[in-house]
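Report on the structure given below.
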Number of protein chains: 4
Amino acid sequence: MIRTAILGASGYVGGELLRLIAAHPELRATRLFGDSKAGQPVGKVHPHLAGALPGAAIERFEEAALEDVDLVFAALPHGHSQRLAATILKKDIPFVDLGADFRLDDSATYERWYGHAHEAPALLGSFVYGIPELNRDAIRSAKAVAAAGCYATAAILPMKPLLDADLVDPTSIIVNAASGVSGAGREAKEATGFSTVDGSFSAYGLLNHRHTAEMEMALGATVLFTPHLVPMTRGILATCYATAVGPCDPLQALSNAYADEPFVHVTDAPPATKWVSGSNGVQLTARYDERTGRLLVISAIDNLGKGAAGQMIQCANLMLGIDESAGLTTIGVYP
Amino acid sequence: MIRTAILGASGYVGGELLRLIAAHPELRATRLFGDSKAGQPVGKVHPHLAGALPGAAIERFEEAALEDVDLVFAALPHGHSQRLAATILKKDIPFVDLGADFRLDDSATYERWYGHAHEAPALLGSFVYGIPELNRDAIRSAKAVAAAGCYATAAILPMKPLLDADLVDPTSIIVNAASGVSGAGREAKEATGFSTVDGSFSAYGLLNHRHTAEMEMALGATVLFTPHLVPMTRGILATCYATAVGPCDPLQALSNAYADEPFVHVTDAPPATKWVSGSNGVQLTARYDERTGRLLVISAIDNLGKGAAGQMIQCANLMLGIDESAGLTTIGVYP
Amino acid sequence: MIRTAILGASGYVGGELLRLIAAHPELRATRLFGDSKAGQPVGKVHPHLAGALPGAAIERFEEAALEDVDLVFAALPHGHSQRLAATILKKDIPFVDLGADFRLDDSATYERWYGHAHEAPALLGSFVYGIPELNRDAIRSAKAVAAAGCYATAAILPMKPLLDADLVDPTSIIVNAASGVSGAGREAKEATGFSTVDGSFSAYGLLNHRHTAEMEMALGATVLFTPHLVPMTRGILATCYATAVGPCDPLQALSNAYADEPFVHVTDAPPATKWVSGSNGVQLTARYDERTGRLLVISAIDNLGKGAAGQMIQCANLMLGIDESAGLTTIGVYP
Amino acid sequence: MIRTAILGASGYVGGELLRLIAAHPELRATRLFGDSKAGQPVGKVHPHLAGALPGAAIERFEEAALEDVDLVFAALPHGHSQRLAATILKKDIPFVDLGADFRLDDSATYERWYGHAHEAPALLGSFVYGIPELNRDAIRSAKAVAAAGCYATAAILPMKPLLDADLVDPTSIIVNAASGVSGAGREAKEATGFSTVDGSFSAYGLLNHRHTAEMEMALGATVLFTPHLVPMTRGILATCYATAVGPCDPLQALSNAYADEPFVHVTDAPPATKWVSGSNGVQLTARYDERTGRLLVISAIDNLGKGAAGQMIQCANLMLGIDESAGLTTIGVYP
């Protein structure tokens, strides 16, 4: 049994990690850290776990607790990982971080998009960017992984093979994506209140959403990214546009690229987010538009699954040398 | 490996059975029958299964196919089981039916509530009513189980122990329940269209919903039942009222009754349907109101989980003599 | 033109008042008070009004401002009206308050349900309870009206005529009601966050919701009331149960009682909340259940319409001696 | 009083026309045609109108009925207007059609996008394309108006002034739009069922949605258009991209273009569809992205309001020479 600690166990990603770990054949969640709800029973913080984890409680983080675990998952508010990373790294146990803190590979880019200097720039090189379909081998041998952001995962997976195959102009990429509300986290805000979001659809973060930096780094391309908020809880759909270098068959290119991937399904039908809700699955489609000479490329993921907790566990499985699919599924909870 | 056939594999319950069986350690879904979508790939009918069951297809039912299976699940439109039951029963393999056809124990009651004569009254006695928490031993030794209806399960589980303990007047029971839209099945209807249901809440089936008959049979009581339609896909909440025989502690009574049940969680907090969404879990609470001398008793289930496919698998596990919890969880997909 | 001040102009009821007043032939909203958002343009606080009220802003309340208005609407957080009422009443202008502060007619009942002593018990007698269909004449001649609560309106309108006609046992009333999330107000809370509520249905305030007191006062009966939260923004459905004195025709009784009411529609079809969404309409139905000897009575309103801002304007119209229906409609925004 | 006939009175646009006409100072809905629901009371077909139009009924269309009306609104399934137009036009009364039949100005383009020959090509020239902000004078003097499609309106309004001002490359336009489900009409389909759409977001009509033709005609530009389905009932958000000719201030350009328009509000804040839900309002914003040299332009409308019934009434007001805003509002029903 592999004992894991979860930092940020009281948030939505923390809750999803607990749900997935409960069904994982090898992992156990042994320490659940969450400062804001320390002392509360898990069943109160995560009512879906009330029956399954009757005795467990959220506790305040303390460094000594890391002595008892074999792997650390972190799903903390932005900036916390920068302050904790050194502590965790020196324990020399695998560390999977979902924060944006260590995803970028240079501190100047970080500062440009995040608006402040990085607090631990020397550690940026210690982290591997975590999308197994991109860099599986690097993750396998990494001690620390910065799991990709939800929007970034949704955009990179469909666009990367097309760029690698030189099918598209790398200066022409537009990512128009839409997310369910859980992507905004658990903190109560008027912007994510039910009465605000229900029956409404809107864009936000115009021109300057921070995930743009990840997309540009991973794709080696310029990206104009516009996120939108959908009145649903889970799911991201990324609708991507790029100028084609020439006539091509992007669906075939994606099928070839992902033929052996356990979590990626390439389909002719435009995928819906609910098809992968609750899962680690990705569904992709693509079209070449001969009228305009552009590619239209679409991906659907669960922002809490492949966009967060699922991807973290997939990375952990690789780092631990166990079956990459352990505890994960491509099957969404549908309808 | 236990080979199962699913009759009605193209509906919502069929899809949920396929999802649950895919994660079940012993069951395999080997024959998928669904006349209206015969010939279509499973991934087209159930897009959440597109990646997991790439080669499977829905086929037209034929009796000979039952030779190759070890257990039959049926989730057919009302009335179909009456015509098929004899065929299946004579195969002498375990049969778990979700239809309402064989839930009642006498044909006169059936005729009163369903408005027409039963087509196979002689077989009514061959079926055990399927709620494991009520009659586990009978299910274990049964050849055929008529799994309970979703509303009935939600009402019976919280009320049965209180009636058994003589805490309430059996002529006083009101079940005010509300269901997600998937309970109405997959067929396209204006009443279940998105634009009709979104942003709306309403009652239906006033005074005469057919699940009343099951509730009265299983509880040995008179029930006034009012179903409502909630703008959500999954979940049933049953809010039940009964006149108390005297001051009592119904929460303790439920805790006692269900202390050893793996899927029932009794909680002081009023449960929400999303806490058990996607699972086989049940969450219950109760109050005694000294102002009015009444009990208020509430249960939450997933209508497709404990109210349908989950319960069917739980019954099948019992009939097969394997772990009752195999392939099932109490953990909802939350948020 | 009748100049009105709105206290609490930045909340949901304040916004709905502004929307309704913009279409009212006689009223004008001249002073918009809202301390927490004082200084902000109306179009920022209420984005639906951005085009219609381009120059208006929310301002901090000051007593002197009341000199310039002909009527005061208040939709303040609980308890504020108790502290402001004396100030407003001495101006001798019509005052329509939506707070619960002055709805009950004795301070002991107030204290029992609200858990603290009333701060201005001497003023309780100055307010008329505001449901025009119940006490139109008293409202017409009142200086101050305490408009009824949303749940209370939904329960009282269908049950009052049946009690008045001695059709039901007044000790037997159960009100099982469900509300859209806007009823919980605009303040950000995890309980009303989109991810919490979407796809979920639950009860709350078990046994002790404060609107029970209003229902009991207005109906002269004992009420067991259970509120529920529906994943929708607007609307209340009250499903009410009572023991019948004998066989009766409650639908006819309601039709007779409300034959001349402009906002109440009695219908054989179980009403849905969306049918009256955005309006001041009420739709009612009822059944006598001969099996159990009970009545089933259902009402649908918009909690922000007939349950709040619409009713406030209906009361104001009466107090001002203008057409009771001015600026109001029964037509919901559907679908 | 202006007597109007509605062809297609039983659909969602028909219901919205009835709602708006009920509050219109000059129009009256005197004949309500709808073949599929002929004979049914309006209150059964449109339950939100049950209280307001107690005696009205849907009737089967007959040509003679047009003798009694002063204006015809048509909101019929695609293709019906082609067969009826000659009949209506010869009556010489104003005709506002929402069908796509007469929006395009040449039959070859029609055939290319709609896949079949136009049945009344000689009449194409008799219709003016109906977006008052584009061609108000032509509408004023027209006998027949083909009101623009919902997606087209949402795309044309924000992009037209930028193209007219030569700010963008007309070969570079991408319209990524998302609609509420009512845009798919009232007919029951699995694709628009609640359980399909709830909690899900998807694209459809990839590369070939028919509204593309209108956008290209009205804008004089090439458009790549991708529609999406949002789990909400009403609203369209169009997120548009175009390559800028050079650095520019598109927000100012839109503000200048629409300074005097009663229904268009240009705002710095990214608009949400709910801000205009139930209204004839349009909210627009725009950005110039200096990183990529592109414009990002966003519009929000109600597909049943400015995208259908509202725009039809706005056109009718112009044709009738009455106040263009009569019976219309920019104020959404919010929240």
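Convention: sequence-line order gives letters A, B, ...; per-chain numbering from 1.
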Heavy atoms only, distances under 4.5 angstrom: which of B:Ser200, B:Ser195, B:Ser202 has the most pairs with chain C? Name it, please.
B:Ser200

Non-hydrogen atoms of C:Pro270 and B:Ala203 that approach each other most closely
CB-O, 3.3 Å

What closest approach, in Å, do C:Arg287 and B:Leu207 show between heavy atoms, and which atom pair accounts for it?
CB-CD1, 3.7 Å

If you measure from OG1 on C:Thr273 to CZ on B:Phe201, what distance do you get to the nearest 0.5 Å?
8.5 Å

Applying a strict 4.5 Å limit to non-hydrogen atoms, the region of C:Ser277 in contact with chain B is neither

Applying side-chain contact (heavy atoms from CB on, under 4.5 Å) to B:Asn176 and C:Ile174, what does each step give before you reach the verdict?
CA-CA 11 Å; B:Asn176 191 96; C:Ile174 290 170; over 6 Å; no

Taking heavy atoms only and a threshold strictly under 4.5 Å, list by residue number the residues of residues 288-301 of chain C that touch chain B; give 'none' if the list is empty.
C:Tyr288, C:Asp289, C:Arg291, C:Thr292, C:Arg294, C:Leu296, C:Ile298

Listing, residues 223-234 of chain C side-chain donor-acceptor contacts under 3.5 Å, not counting sequence neighbours, or none:
| unit_1 | atom_1 | unit_2 | atom_2 | d |
| --- | --- | --- | --- | --- |
| C:Thr226 | OG1 | B:Tyr241 | OH | 2.8 |
| C:His228 | ND1 | C:Ala177 | O | 3.0 |
| C:His228 | ND1 | C:Thr226 | O | 3.3 |
| C:His228 | NE2 | B:Thr239 | OG1 | 2.8 |
| C:Thr233 | OG1 | A:Asp198 | OD2 | 2.5 |
| C:Arg234 | NE | D:Pro335 | O | 2.8 |
| C:Arg234 | NH1 | C:Glu16 | OE2 | 3.0 |
| C:Arg234 | NH1 | C:Asp302 | OD2 | 2.9 |
| C:Arg234 | NH2 | C:Glu16 | OE1 | 2.7 |

Among C:Ser172, C:Gly235, C:Ala178, C:Gly180, single out the residue with the greatest number of heavy-atom pairs under 4.5 Å to chain B.
C:Ser172

Answer with side chain, backbone, both or neither: which region of B:Glu216 has an atom nearer than 4.5 Å to a non-hydrogen atom of chain C?
side chain

Count the heavy atoms of every other residue, nucleotide or ligand shown that sit under 6.0 Å from CD of C:Glu190, and state whether that count exceeds 12.
yes

